[in-house]
Amino acid sequence: MARVLTLVLRIVWATRHTNVSLAIAANIFVNAGILIVYIINLVFAQRILRAKQPALGWHRSLRIIFTVLYVGIACALIMVITALVVSVYSLDSYTLRACRDVQLTSGTYLLVFTTIPVLVIATAYLLPRSPIEEKFGEGRMIVKVIVVLLIACLCIMNAGFRVGTAWSPPRPTSNPAWYHGKAPFYVFNFTLEIIILCILTLTRIDKRFHVPNGSNQPGHYSGRVESSTGSIGDPAVEKQRKGEGATLHNV
């Protein structure tokens, strides 16, 4: 729906070039629509890390780091929107320069953010194998990794194109660069997003990356821990539960 609204706004803007508010809204939705994919991909990478390296993946410090990264996405979006609106309604050179710096900073952060899933996956596999490694969702773990890395590469291309064009020296409208054309814009933005959505849909991420509700510690993904007071793979506890189940069945 967000991308449908984005394209509708761009179509309407094409017929009303002098409508500043419409131009601002169209550009805001172009920048904001892809952010949910950035976040989802990092969430999936985080789940793989927690399954492969539970002790590290569920560590409190790592949770704080991921929370800060997610908050940074919200801050970057707010900064981009604010800088865009201010730059449209201002002619002051200092203000325009400050708005450009804000946009460059936000765009660079988003590019770095898209690379984090790759680092997370690398950490999950380069560290020594954990004795309490878990599984979650449907399908093989290697397929999950391929999906996350493929989505990460496409997101890096998307964010990299935006940052690259933003950092490039300004050019006169009479002599635009190749990346100022319509074709590169739609290829590196909407076409990549369509490919991403197709991958996420065809691979059934709703089942492949599913984890039990309320998972918050090692053992929850695989069901070895049913509550916060349980133990991870405790044979005595499991035997007692089976005995209680057999007793109830006989009654």
Main-chain N/O of [Y] paired to [X] side chain as donor or acceptor, under 3.5 Å:
{"X": "Thr114", "Y": "Leu111", "value": "yes"}
{"X": "Ser90", "Y": "Ser87", "value": "no"}
{"X": "Thr191", "Y": "Tyr186", "value": "yes"}
{"X": "Asn158", "Y": "Phe188", "value": "yes"}
{"X": "Asn27", "Y": "Ala23", "value": "yes"}

By side chain to side chain donor-acceptor pair (under 3.5 Å), which residues pair with [X], not counting sequence neighbours?
{"X": "Thr95", "answer": "Asp92"}
{"X": "Arg204", "answer": "Asp206"}
{"X": "Thr108", "answer": "Trp167"}

Check whether any side-chain heavy atom of [X] sits under 4.5 Å from a side-chain heavy atom of [Y], and report yes or no.
{"X": "Leu150", "Y": "Ile196", "result": "no"}
{"X": "Glu134", "Y": "Pro54", "result": "yes"}
{"X": "Tyr179", "Y": "Phe185", "result": "no"}
{"X": "Ile151", "Y": "Phe44", "result": "no"}
{"X": "Tyr221", "Y": "Arg47", "result": "yes"}
{"X": "Val30", "Y": "Arg10", "result": "yes"}

side-chain contact (heavy atoms from CB on, under 4.5 Å) involving [X] - partner list, sequence neighbours excluded:
{"X": "Ala25", "result": "Leu9"}
{"X": "His180", "result": "Arg171, Pro176, Ala177"}
{"X": "Pro172", "result": "Ser174, Asn175"}

Considering only distance and modelled atom types, tabulate donor-acceptor pairs under 3.5 Å from the side chains of residues 64-86, sequence neighbours left out.
{"residue": "Thr67", "atom": "OG1", "partner": "Arg63", "partner atom": "O", "Å": "2.9"}
{"residue": "Tyr70", "atom": "OH", "partner": "Gln46", "partner atom": "OE1", "Å": "3.3"}
{"residue": "Thr82", "atom": "OG1", "partner": "Ile78", "partner atom": "O", "Å": "2.8"}

Please report the closest heavy-atom contact between [X] and [Y], naming both atoms and the distance.
{"X": "Pro117", "Y": "Val148", "answer": "CB-CG1, 4.2 Å"}
{"X": "Ala152", "Y": "Val118", "answer": "CB-CG2, 3.8 Å"}
{"X": "Gln53", "Y": "Ala124", "answer": "NE2-O, 3.2 Å"}

Phe161 vs Leu192, test: side-chain contact (heavy atoms from CB on, under 4.5 Å). Steps then yes/no. CA-CA 11 Å; Phe161 175 78; Leu192 289 181; over 6 Å; no
At what distance, to the nearest 0.5 angstrom, does [atom1] of [X] lie from [atom2] of [Y]?
{"X": "Leu154", "Y": "Asn41", "atom1": "CG", "atom2": "CG", "value": "9.5 Å"}
{"X": "Ile40", "Y": "Leu35", "atom1": "CD1", "atom2": "CG", "value": "11.0 Å"}
{"X": "Leu42", "Y": "Thr115", "atom1": "CG", "atom2": "OG1", "value": "10.0 Å"}
{"X": "Arg50", "Y": "Leu56", "atom1": "CZ", "atom2": "CG", "value": "10.5 Å"}

Counterpart residues, salt bridge (charged side-chain N to carboxylate O under 4.0 Å, His left out), relative to Arg208 (two or more places apart):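 Once residues adjacent in sequence are excluded, Arg208 has no partner under the salt bridge (charged side-chain N to carboxylate O under 4.0 Å, His left out) criterion.
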Restricting to salt bridge (charged side-chain N to carboxylate O under 4.0 Å, His left out), what partner residues turn up for Arg129, sequence neighbours left out?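 Result, salt bridge (charged side-chain N to carboxylate O under 4.0 Å, His left out) vs Arg129: Glu133.
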Hydrophobic cluster membership, with links at side-chain heavy-atom distances under 4.5 Å among I/L/V/M/F/W/Y: are [X] and [Y] in one?
{"X": "Phe29", "Y": "Ile194", "value": "no"}
{"X": "Ile39", "Y": "Leu119", "value": "no"}
{"X": "Ile195", "Y": "Leu197", "value": "no"}
{"X": "Leu96", "Y": "Val102", "value": "no"}
{"X": "Val112", "Y": "Val37", "value": "no"}

Test side-chain contact (heavy atoms from CB on, under 4.5 Å) on Ile121 and Leu149 and set out the steps. CA-CA 8 Å; Ile121 296 297; Leu149 293 179; 4.2 Å; yes
For Tyr38, which residues count as a ring pair (Phe, Tyr, Trp, His ring centres under 6.0 Å) partner, sequence neighbours excluded?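 Per chain and number, Tyr38 pairs via ring pair (Phe, Tyr, Trp, His ring centres under 6.0 Å) with no residue.
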Ring pair (Phe, Tyr, Trp, His ring centres under 6.0 Å) against Tyr109, all qualifying residues, sequence neighbours excluded: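 Once residues adjacent in sequence are excluded, Tyr109 has no partner under the ring pair (Phe, Tyr, Trp, His ring centres under 6.0 Å) criterion.
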Donor-acceptor list for residues 135-147 side chains, cut-off 3.5 Å, not counting sequence neighbours:
{"residue": "Lys144", "atom": "NZ", "partner": "Phe136", "partner atom": "O", "Å": "3.2"}
{"residue": "Lys144", "atom": "NZ", "partner": "Glu138", "partner atom": "O", "Å": "3.1"}
{"residue": "Lys144", "atom": "NZ", "partner": "Gly139", "partner atom": "O", "Å": "3.0"}

